[in-house]
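Throughout, a chain's letter reflects where its sequence line sits, starting with A, and its residues are numbered from 1.
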There are 2 protein chains.
Amino acid sequence: MSSKKSSAARANARARRKSLRLHGTIARDLGVLIVSGRYKPGDILNGEIDASDRLQVSRTAYREAVRILAAKGLVESRPKVGTRVSPQARWHMLDPDVLSWIFEFEPDDNLLANLFELRKIVEPEAAALAALRRTNEELEAMEKALQGMAAHTLASEAGRLADQEFHSAMLRASGNAFIVSLTSGVGAAVSWTTIFKQRHNPLRRDPIPDHQKVYEAVKASDPKAAHAAMLNLVELAQLDTTNSRKPKVAKTATSARS
Amino acid sequence: MSSKKSSAARANARARRKSLRLHGTIARDLGVLIVSGRYKPGDILNGEIDASDRLQVSRTAYREAVRILAAKGLVESRPKVGTRVSPQARWHMLDPDVLSWIFEFEPDDNLLANLFELRKIVEPEAAALAALRRTNEELEAMEKALQGMAAHTLASEAGRLADQEFHSAMLRASGNAFIVSLTSGVGAAVSWTTIFKQRHNPLRRDPIPDHQKVYEAVKASDPKAAHAAMLNLVELAQLDTTNSRKPKVAKTATSARS
DNA sequence: GAGCAATATAACTCAGACAATTCATGGTAA
DNA sequence: TTACCATGAATTGTCTGAGTTATATTGCTC
């Protein structure tokens, strides 16, 4: 009876996503529910027939969504018991999708601090490695990206792309596939989810000089300087992010007990 | 006509895996083919009907396997073009499954070095954080695990479990969910895939003293000592791994051209 | 009370059809 | 010639409904 309505609802639901397939949107929705705590570790999701009924989708689509979540460590499903939300320790917290789901809903302050803590550990070391191993080709890519950042401002899409490319080239220069995977995924997820938050905060320092320092240290094959410059860059990013998140609660000291 | 035979083949194929489902074994097999280079980035996998035909499985099972691989960044599929192997930069190299697939077949020497490079960056810092933030409860867990390692040797299953528990408790004490996810996944995947390699190498140093040092530094809330002790531990692990990998080709210089 | 067999329940797998997406081709107009 | 637009074809995406398999629970036996 409601076939027309449900069909329209499905089309609508898909339209508001970028270009994800149906199973992708379901995985994303369930993933957000899990990482946001709406479903808690140990909880058992509804059965396949039940869940696919409610979502008005076929069991196929729902199952493929569950496979995606299982591949990211968020759930585990077994016959006779069902699909259970895994303990947080098993989640692949650094998976780019999981990361974006975490920071999409309520970027928990503590988690945000933890993430920057990790970045401050890894990225400076990556810069130091890049200073030791960079090739001329990667150096040129960094320089070109730097010019791109200068030409277009960071407020434009092209400018942000140049920024991404700068960091990407730097990571490539580190010559470590695992560091590349880790940092690029983290950086992309964080920047993606923080763009819209910073729209309302047009007050931004000029990022060029800080990037320039990293570039010059890498060019000079000076790992210590590269380490310091990169650490500074990450700390500035953290400042920008936290400032944009709580612009006025800074003075209320009582709220910072925890 | 070959229904009986194919059925037996399927049962056999499933039996040699641990407890993975059909889609899990397919994902694993395809994943190994990809990370080992048999399928190269840019390559397009056979169509779903074709591939599921060859593997003697339904399209459903094959598709769920592809979803798993896509969730780990190994492939990307679009209508009309097919399922294409993603460039290595998009792979989720730190996903525990991807990691185990990488080191299952031919643990490329360079990659192995890269992985230990990352561990030497992160794990000592994690130990330092643990020294600052550990609770008494986590301290007790570490101590109990240490006793377990002493009671059973590392050659036994119980001993290895105690070792895992020691590192797990240490990571929990670091209080950083991202570091926990990163390091536990890496450590588990590496130890899992290197166990059988070290079976033939019974020559193992006593690991207790080195672990003891980490424990005492964390107990004393001494981050610098914890950092040093943990770095030492990782370096020893690297030594053990590389030694067990090439125990006798060291002298035959000609075989190391490549 | 401990161990073992039957059972029920969930995920798992299969088969076949239809729909949606997107690249490629060719035709048309500027 | 070039740019643009409809058309077609190939592939993944989605749906339906059925049967199979694994496993926690229950109940029985010893």
Exceeds 12 heavy-atom contacts within 6.0 angstrom, atom CD of B/E76: no

Residue-phosphate contact under 4.0 Å: B/R78 side-chain N/O, D/dT12 OP1/OP2: no

Distance test, side-chain N/O of B/R67 to OP1/OP2 of D/dG13, below 4.0 Å: yes

Can you identify which nucleotide, out of [options], has its nearest atom closest to the [X] side chain?
| X | options | answer |
| --- | --- | --- |
| B/H23 | D/dT11, C/dC12, D/dA22 | C/dC12 |
| A/S58 | D/dT14, D/dG13, D/dT12 | D/dT14 |
| A/L22 | D/dT14, C/dA11, C/dC14 | D/dT14 |

Look at all strands and tell whether [X] reaches a base, only sugar-phosphate, or nothing, counting heavy atoms closer than 4.0 Å.
| X | result |
| --- | --- |
| A/R63 | base |
| B/R84 | nothing |
| B/S77 | sugar-phosphate |

Parallel, tilted or perpendicular: rings of B/F178 and A/F103 (30°, 60°): parallel

Round to the nearest Å and state the distance from [X] atom [atom1] to [N] atom [atom2].
| X | N | atom1 | atom2 | result |
| --- | --- | --- | --- | --- |
| A/R21 | C/dA19 | CZ | P | 18 Å |
| A/I49 | D/dT16 | CD1 | P | 14 Å |
| A/L55 | D/dT14 | CG | C1' | 14 Å |
| A/E64 | D/dT14 | CD | P | 7 Å |
| B/Q56 | C/dT13 | CD | P | 15 Å |
| A/E76 | C/dC12 | CD | C1' | 16 Å |
| B/Y62 | C/dA15 | OH | C1' | 18 Å |
| B/E48 | C/dC18 | CD | C1' | 14 Å |

Donor/acceptor link under 3.5 angstrom from B/R59 side chain onto base of D/dG13: yes

Contact summary for A/A162 and A/G148, nearest pair of heavy atoms: CB-C, 3.8 Å

Which residue lies more 5' along DNA chain D, comparing B/P79 with A/T60 via nearest heavy atoms: B/P79

Residue whose closest nucleotide on DNA chain C lies nearer the 5' end, A/G82 versus B/A61: A/G82

First of A/V66 and A/K80 reached from the 5' end of DNA chain C, by closest nucleotide: A/K80

Passing candidate, salt bridge (Lys or Arg N to Asp or Glu O under 4.0 Å) with A/R172, options A/E140, A/E165, A/E137: A/E165

Polar side chain donor-acceptor pair, B/S77 to B/R67, under 3.5 angstrom: yes

